[in-house]
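What follows is a short report on a single structure.
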2 protein chains.
Amino acid sequence: MARPRKFDEERAVDAAMEAFWTTGYEATSTQDLCEATGLGRSSIYNTFHSKHELFRRALARYMARRTDELTGLLEEDRPARERVEALLSRIVAEETARDGDGRGCLYVNTAVELAARDAEVARELERDYARRLDALTAVFASGQRDGDIAADRDARALAHFVIATVSGIRVAARAGADAMALRAIARTALDAI
Amino acid sequence: MARPRKFDEERAVDAAMEAFWTTGYEATSTQDLCEATGLGRSSIYNTFHSKHELFRRALARYMARRTDELTGLLEEDRPARERVEALLSRIVAEETARDGDGRGCLYVNTAVELAARDAEVARELERDYARRLDALTAVFASGQRDGDIAADRDARALAHFVIATVSGIRVAARAGADAMALRAIARTALDAI
DNA sequence: CAGATTTTGTACTGATCAATCCAAAACGGA
DNA sequence: TCCGTTTTGGATTGATCAGTACAAAATCTG
């Protein structure tokens, strides 16, 4: 063997994720990444080979973490409608929190900033979309079995709708909508399901 | 007087708008803006003083144009529900068009890319949000007078909800959702109003 | 036609970008 | 302890960034 690393790769990805999350892909310089991770240029390029590849790692980590949270929340033993309500409430709480301070959601940010001109990233976003769609579809299907979601609805359509509502709340928050407005959006969306 | 301009300022703003729209603020270089507008550097800086100010002009133009389209559509003499349905259909059609090709919406793009770190831009987005909110609120209020929207609903909440649905559809389109999914989102949203 | 004024093209500024190079440093195995 | 291997820091690369300097060109007023 040889000289060992003196940093933890996963912690570095985490730090890079935070940087990309708050600043965006283009606006985060490699210098910013050095400062965020505490690593030198060489260590970053030796480990991740390029800013783009580090971003992909950071995005994958973000999506995995978020989708895990989502599925955890959606697997709770409650009526389907309540589970979706809890999901939307959490999104509203996140977006109105004054400490997280308006960085939004890396998934939405990336979809808007990069998806159109980066096929690899677009593919990753699609895969994550599919995962969340499946999780939500399962929730609505179980709600239909339990009877608290009308049986004649299309579970998959409802799942698409909830995902869109989440993104809608996030964009509205960035466009300056206040907490009351965000709650109104969530409440109105719940009327539809 | 003195030497006259040999270009149309408004056409230049239009061209810049197209560039920012397809590429984003950061990723559009001043060189790109020269090529898009057909102007030299000097003309651009002599007229608009900075990339940032040109962007603000372009954004204002985009929002004015879009909000005009919106209010035009919403002032048609039809039941409120149909007017909102027409609005959502248009958004879906835009996002699935294969020629416009995935540039999305400059308003949403800007909210996500810039609003958090550019107070001036954030203020403009808020003003536009308010304009669209008022237009939609008026539609729902008229629908309640006509009886095709339930009188016990909150017209303003419904308006927030429709705006969020539009953003949600746009983000979903960028994340890879297909035309059927976008139509399902619009249809489900209509069930809520 | 002459003088005042503005636009325009071109060359240039210093800063910063992502990425590379290279030698010194640090470890494991022998 | 010494060799092979890898990591690390710091200097450096060429490209590109937003913005400027300046003089030639073009038009109006007189």
Side-chain angles (χ1 to χ4, degrees), chain A residues 1-60 106 109-110 113-114 117-121, chain B residues 1-60 106 109-110 113-114 117-121:
Chain A
M1 282 296 124
R3 177 173 176 173
R5 286 198 181 138
K6 64 179 180 189
F7 67 92
D8 181 291
E9 190 168 320
E10 297 307 310
R11 294 181 74 87
V13 173
D14 261 336
M17 182 191 81
E18 295 289 332
F20 284 126
W21 190 357
T22 48
T23 321
Y25 177 74
E26 289 290 349
T28 302
S29 70
T30 52
Q31 185 57 37
D32 294 335
L33 292 169
C34 290
E35 285 157 23
T37 58
L39 305 186
R41 270 187 142 45
S42 296
S43 299
I44 286 186
Y45 277 91
N46 188 40
T47 311
F48 304 107
H49 310 107
S50 73
K51 175 182 174 182
H52 188 260
E53 193 174 315
L54 176 52
F55 177 78
R56 291 215 295 152
R57 290 278 299 269
L59 178 63
L106 184 58
N109 299 355
T110 303
E113 185 188 357
L114 279 188
R117 57 191 166 95
D118 189 324
E120 278 182 87
V121 164
Chain B
M1 282 297 122
R3 177 174 177 174
R5 288 199 179 139
K6 63 179 181 189
F7 66 92
D8 181 291
E9 189 168 320
E10 298 306 310
R11 294 180 75 85
V13 173
D14 260 336
M17 182 192 81
E18 295 288 332
F20 284 126
W21 189 357
T22 49
T23 321
Y25 177 74
E26 288 290 348
T28 302
S29 70
T30 52
Q31 185 57 37
D32 293 335
L33 292 169
C34 290
E35 284 158 23
T37 58
L39 305 186
R41 271 184 138 42
S42 295
S43 299
I44 286 186
Y45 277 91
N46 189 41
T47 312
F48 303 107
H49 310 107
S50 72
K51 176 183 173 181
H52 188 260
E53 194 174 313
L54 176 52
F55 178 77
R56 290 214 295 151
R57 290 278 300 268
L59 178 63
L106 183 56
N109 299 356
T110 303
E113 185 188 357
L114 279 189
R117 56 191 167 96
D118 189 324
E120 278 183 86
V121 164

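Hydrogens, waters and symmetry mates play no part in the numbers below; they use all other heavy atoms, side chains included.
- Summarising the geometry, the separation between CG on A:L33 and P on C:dC17 is reported as 11 Å, rounded to the nearest angstrom.
- Rounded to whole Å, atom P of C:dT6 lies 15 Å from atom CD of B:E9.
- At a threshold of 4.0 angstrom between heavy atoms, the contacts of B:F48 with the nucleic acid are absent.
- Residue A:I44 contributes atom CD1, which lies 14 Å from atom P of D:dG10 at whole-angstrom precision.
- Between the side chain of A:E26 and the backbone N or O of A:E113, no donor-acceptor pair lies under 3.5 Å.
- Expressed to the nearest 0.5 Å, how far CG of B:L33 lies from CD1 of B:I44 amounts to 5.5 Å.
- Counting distance only, with no hydrogens placed and no angle test, the side-chain atoms of A:S42 and the base atoms of C:dT20 include no donor-acceptor pair under 3.5 Å.
- Here A:R3 does not reach the OP1 or OP2 of C:dA25: none of its side-chain N or O atoms lies under 4.0 Å away.
- The distance from atom CZ of A:R5 to atom P of D:dG9 is 13 Å, rounded to the nearest whole Å.
- At least one side-chain heavy atom of B:D14 sits less than 4.5 Å from a side-chain heavy atom of B:M17.
- When the nucleotides D:dT8, D:dG4, C:dT8 are ranked by their closest atom to the side chain of A:A2, D:dG4 comes out on top.
- The minimum heavy-atom distance between B:A36 and B:A19, with the atom names listed, is CB-CB, 4.0 Å.
- Atom P of nucleotide C:dC17 and atom CZ of A:F55 are separated by 17 Å, given to the nearest angstrom.
- Between A:L39 atom CG and D:dG10 atom C1' there is a gap of 15 Å when expressed in whole angstrom units.
- Atom CZ of B:F7 is separated from atom P of D:dA26 by 17 Å (rounded to the nearest Å).
- We find that NZ of A:K6 is positioned 9 Å from C1' of C:dA25, with the value rounded to whole Å.
- The aromatic rings of B:Y25 and B:F55 stand perpendicular to each other, their planes meeting at an angle above 60°, with 30° marking the opposite boundary.
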Checklist line | Footprint string (nucleotides 12-18 of chain D, 5' to 3'): B base within contact, S backbone only, - free, heavy atoms under 4.0 Å | finding: -----SB
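- Listed by chain and number, the residues in a side chain to side chain donor-acceptor pair (under 3.5 Å) with B:S29 are B:D32 (sequence neighbours excluded).
- Surrounding CZ of B:R11 are at most 12 heavy atoms belonging to other residues, nucleotides or ligands under 6.0 Å away.
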